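What follows is a set of notes on a single structure, which appears directly below.
The model shown is predicted, which means the values in this text are computed figures rather than measured ones.
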Amino acid sequence: EISVLFSTTMAALPALEQMLQDALDAGEGGAASERLSEISVLFSDSGRWLGPADAAQRMPSLPLLFACLGLTEEDSVVAQASGILQRVMQQFKLGDVLPALQSEVQAGLTHPADTVRVMVLQRLAAMCSSADDVALIASGGVLEKAVLALCDAELAVASAARAFAMQLCSKGGLAALLQHQQSLARRTAGSTVLQMRVQQLYCDLACQSDEALQQLRQQHVFAELEAAMLAEDVLVKLNGMELVGELAGTAHGAGYLSSSGMLAALLRPLSTLDDPMSHLLLPGLLAVLSRLATSEMDFQKLESEHAFFNNVVALCSAQDEVVRVAALGAAADIAATPSGQLLALSRPAGSEQDIYFVCGRQARQAGKVDAEVLGIHACATCFDVRTSRSEEHCQQAFERTGGQSLLDHIVRVVRNPFEDIRKAAYHALLSLAHQTWGRKLLIAHPGFLEFIVNRDTENSYDTRLAKFHVVQGLISKNDAGLTGQQWLSLKEYVKEGIFHKGNEAAVLVQTERE
């Protein structure tokens, strides 16, 4: 009992450390494990000794704990020491640890146990909090080993290395990381998987800012990605497609894809739809086009250069469901942007080239639930003023999707027992509720107001929230011809919140209409 009590006070630490050192010198794994268990009590997260004020007392423990990691044949000792280090190192700044333990940290980065490698990478990332820390990490051999961990066979280690690299670069360490570009190139040579893993990191970094992208381009780090996208080999292109999609989601990334020729190569399969191999690229290609819609891409200019849009709309009727779904989503996303909306409206209304007509037709495919849901979501995206920024163009898009007949269909299916259809219908209702002409249409539709404030129609959180947002949209401006009592009823509905029980607001609306 005295021994247990003694081992729970900080005064016991030197004695325990000496006993641990003796066990290590004698190669006694069992005794070392016992001592580590007792030391672990002192460094417990819940222990009263865990605090920055005790950091100086803990410092001598670090070399000893790293030494325990050397007992690679004793799994329990390695696991215990790693766990203690994980907790103890939280109390230190990088400048307290790295200068004194440079070799130990490097050894940890190449330790046989993947859990140790992950632990060291995580602690380095957590302690890298300033430009001074970046300089400290870059001054020794730690950075190279940490960067090369991207090529680790264990995905957990590679993931921890990526997180470390992202943290390092967020503190101004991109130039330091690129100093080891050649080491990475040698390590990844001959392995497409590892090359794409490194390219993934570079793309993630490039997405952060145009400055980072330009710095990476100066070092020609995207040579492999450019070669993959410009290659004739379909399988090689598939490897780079997802990475290109990430770059396409930023304005500077989209500009780079266009200027480098990768975007032109990416769009080429749209002109060879009869080629079975090119057909394999279509889902990824269409996903990239959807990402471009978030990057302020000038789709009218892109169309003048590559004449792609008609082919995308044609794919909305493809037999392959995967391609059809991807095409409908991409076309709707494009048509929801300012430049894409003008491009879509320039097509003959009611034709197979008219994406609004195609979306509206699919939205009314009775009996085909999945197709109907997809079509309604696409219609809602097409006339959403929050992305297109022009109510006039949105109203034209709405009329092309079916206008009043589409609205009648949406108001009908929002009462459907299938939740997926109701959620799609609420999406369309919300797009309308954000616009003056849309609010007027909704308010004038027979029975709509009574339905929208009736809380008994929805039971799930998602649909209750969706309905609540529609009501919020209806009262975002008082410009749609609501009577005073109807306006107060909708305001009361919003004030009561999503989960209010009762139908007082519905009664008020009903009374006013009577």
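R415 contributes a side-chain N or O that, together with a main-chain N or O of V411, makes up a donor-acceptor pair within less than 3.5 Å. Q195 places no side-chain N or O within donor-acceptor distance of the main-chain N or O of A189, the cut-off being under 3.5 Å. Panel note: side chain Q219, backbone Q181; no donor-acceptor pair is recorded below 3.5 Å. When atom types are taken as modelled, the side chain of S159 and the backbone of L155 share no donor-acceptor pair closer than 3.5 angstrom.
Side-chain atoms of M241 and L281, non-hydrogen and from C-beta on, do get closer than 4.5 Å to each other. Proximity of R386 to H434: side-chain heavy atoms (C-beta onward) are separated by under 4.5 Å at one or more points. You'll find the side chain of I452 reaches within 4.5 Å of the side chain of Y426, heavy atoms only.
Contact record, R389 with P338: NH2-CG, 3.2 Å, taken as the closest heavy-atom pair. The shortest non-hydrogen separation linking L205 to A212 is O-CB, 3.5 Å. Closest non-hydrogen pair, S431 versus A380, comes out as OG-O, 2.9 Å. The heavy-atom pair separating C203 from E246 by the smallest distance is CB-OE1, 4.5 Å.
Identified under the ring-ring contact (aromatic ring centres under 6.0 Å, His included) test for residues 195-252, with sequence neighbours left out: F222-Y256.
Tested against S317, the residues R324, Q362, R361 include a single side chain to side chain contact (heavy atoms under 4.5 Å, CB included) partner, R361. Considering V312, L280, L270 in turn, L270 is the only one that fulfils the side chain to side chain contact (heavy atoms under 4.5 Å, CB included) rule with L285.
For R464 and F499, the positive end is not near the middle of the six-membered ring at less than 6.0 Å and at most 45° from its axis. For the pair R455 and Y493, the cation-pi test (distance below 6.0 Å, angle within 45°) is passed.
In this structure, W437 and F383 have perpendicular ring planes: the angle between them is above 60°, well past the 30° mark.
For the 3.5 Å distance criterion, the side chains of H427 and D384 fail to qualify, holding no donor opposite an acceptor.
Rounding to the nearest 0.5 Å gives a distance of 6.5 Å between SG of C379 and CD1 of I410.
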